[in-house]
Amino acid sequence: MIREETARLRPGDRLPSSRELMRLHGVSPVTVSRALARLAAEGRVITRPGSGTYVAPAVTRAGGTADLSWQTVALGDRVVDDAEVSGLLTPPPDDVIPLTGGYLNPALRPAKALSAAATRALRRPDVWALPPLSGIPELRGWFAQEAGGDVTSSDALVVSGGQSALTHAFRALTAPGTPILVETPTYPGALAAARAAGLRPTAVPMDRDGVRPELLAEAFAVTGARVFFCQPTLHNPTGATLTLERRGQVLAIARAAGAFVVEDDYARYFATEPVPPSMISLDAHGTVVHVNSLTKVLSPSMRVAGVVARGPAARRLRASQVVESFFVARPLQETALEFVGSPAWPRHLAGLGAELTTRRNALAAALTARLPAAGIHLLPRGGLHLWVRLPPDRDEETVVEAARRAGVMVSQGRIYYPAEPPGPRLRLTHSAALRLPELAEGVRRLATALEAA
């Protein structure tokens, strides 16, 4: 009887409840349970605990190809969207100039010094042994020293890169279904990680000096959020650096709200002018969870980052690390420690700072000359990007596609917003192109695309 009823329904339709089936057919709960179990074994229905029983998609096979459409029902409606992040990680074709991306091009990476550090690391007697779950002590101590203030090695946790650090932090600090405050615009990878954790990103506006404290206080009050994610130093994508005064205000506001501040501090190594101290170095109450990554400043494959936290939050972060991935591979940790403890580290930072200054100025000059109608948000104190405002009558997606056809890749602004963007924007990267003349040529091609769009 239930089989006949299933045949009358369409794939994806919900069957009556077990109680209703008992009433309709005058049978016992055991009979209904056995019938549904048999239909499930035959692939005719799919049971979703807490939701009900549904008619499975019809299985049809053509040419021996398996029909996997049943998974749509089994997986439900929780989607992990990687489209925007994957786009930023996709290398351009050979004939396309990249004015997008988040990593240093191969010429700017200290590849030889990293290889030498790896060679030294592999000679260490315990390099293939099980590392401490929180990370090798010397590397934890280094991340603590970089954070500043009274942070100690016991406060630091070594994880697999900055993206992993954000994922751990978002999952550990607040529950699915709750809001998380973010600067707007903000890093798309953080938005993707927050949504994958079941959080609802809520925008807090910025200006040229970073997040606006009065609007942050209002957002905490209105949403009841308990986490604020920010990039106070060389913010991605705008390049803004939060002033020292505002850093103190943000900490006071978060503490009054009983909330955490997740400080993504990876861009500190790209500063070419003095920047304020990290927020965690100003924090005495366990408000800040500090993230520092070596990936972007060294190599995409140097998946090593440090997370600094104190109190119960630190214990929960460590538990999240163990449950998800146990620990970071010891050879990679030892290589990172060898590199940052060698003369190659300060030498790399000094050379990189000079090169980034030259590239930033070259990109800004080309934009001013070729695209006077497009406004540069600000000239940052370093970093990898410039944030550009397009004329309001231009369609952002049309411009990006026209640029691609003209042979230059740019990053469209809408992916940096948790909600509707205020107007057409582009993020232009000066660190991805191999040679300096490519920046001018890339802007020339972008100007051509803007005229055609």
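In what follows, residues are counted from 1 in the order of the sequence shown.
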Side-chain donor or acceptor of [X] paired with backbone N/O of [Y] under 3.5 Å:
X	Y	value
Arg427	Ser411	no
Asp395	Thr398	yes
Glu218	Glu214	no
Arg208	Ala240	no
Thr167	Ala193	no
Glu183	Gln231	yes
Thr119	Ser115	yes

Least distance between heavy atoms, [X] atom then [Y] atom:
X	Y	answer
Pro380	Leu386	CD-CD2, 3.5 Å
Pro132	Pro137	CG-CD, 4.1 Å
Pro276	Thr243	CG-C, 4.4 Å
Gln163	Tyr187	OE1-OH, 2.9 Å

So for atom [atom1], which belongs to [X], do other residues, nucleotides or ligands contribute more than 12 heavy atoms lying within a distance under 6.0 Å?
X	atom1	result
Arg268	CZ	yes
Arg389	CZ	no
Arg255	CZ	no

Give a yes or no on whether a salt bridge exists between [X] and [Y], defined as a side-chain N under 4.0 angstrom from a carboxylate O.
X	Y	result
Glu324	Arg171	yes
Arg140	Asp155	no
Arg247	Asp283	no
Glu420	Arg414	no

Please work out which of the three classes, parallel, tilted or perpendicular, describes the rings of His348 and Trp345, given edges at 30° and 60°. tilted

Over 60° means perpendicular and under 30° means parallel, so tell me whether Phe220 and Phe228 are parallel, tilted or perpendicular. perpendicular

Lys NZ or Arg CZ of Lys112 over Phe339 ring: under 6.0 Å, within 45°: no

Between Val308 and Val289, does a side chain to side chain contact (heavy atoms under 4.5 Å, CB included) hold up when you go through it step by step? CA-CA 6 Å; Val308 173; Val289 173; over 6 Å; no

Name the residue from Ile253, Leu251, Leu242 that meets the side chain to side chain contact (heavy atoms under 4.5 Å, CB included) definition with Pro213. Ile253

Within the 4.5 Å heavy-atom criterion, are Cys230 and Val261 side-chain neighbours or not? yes

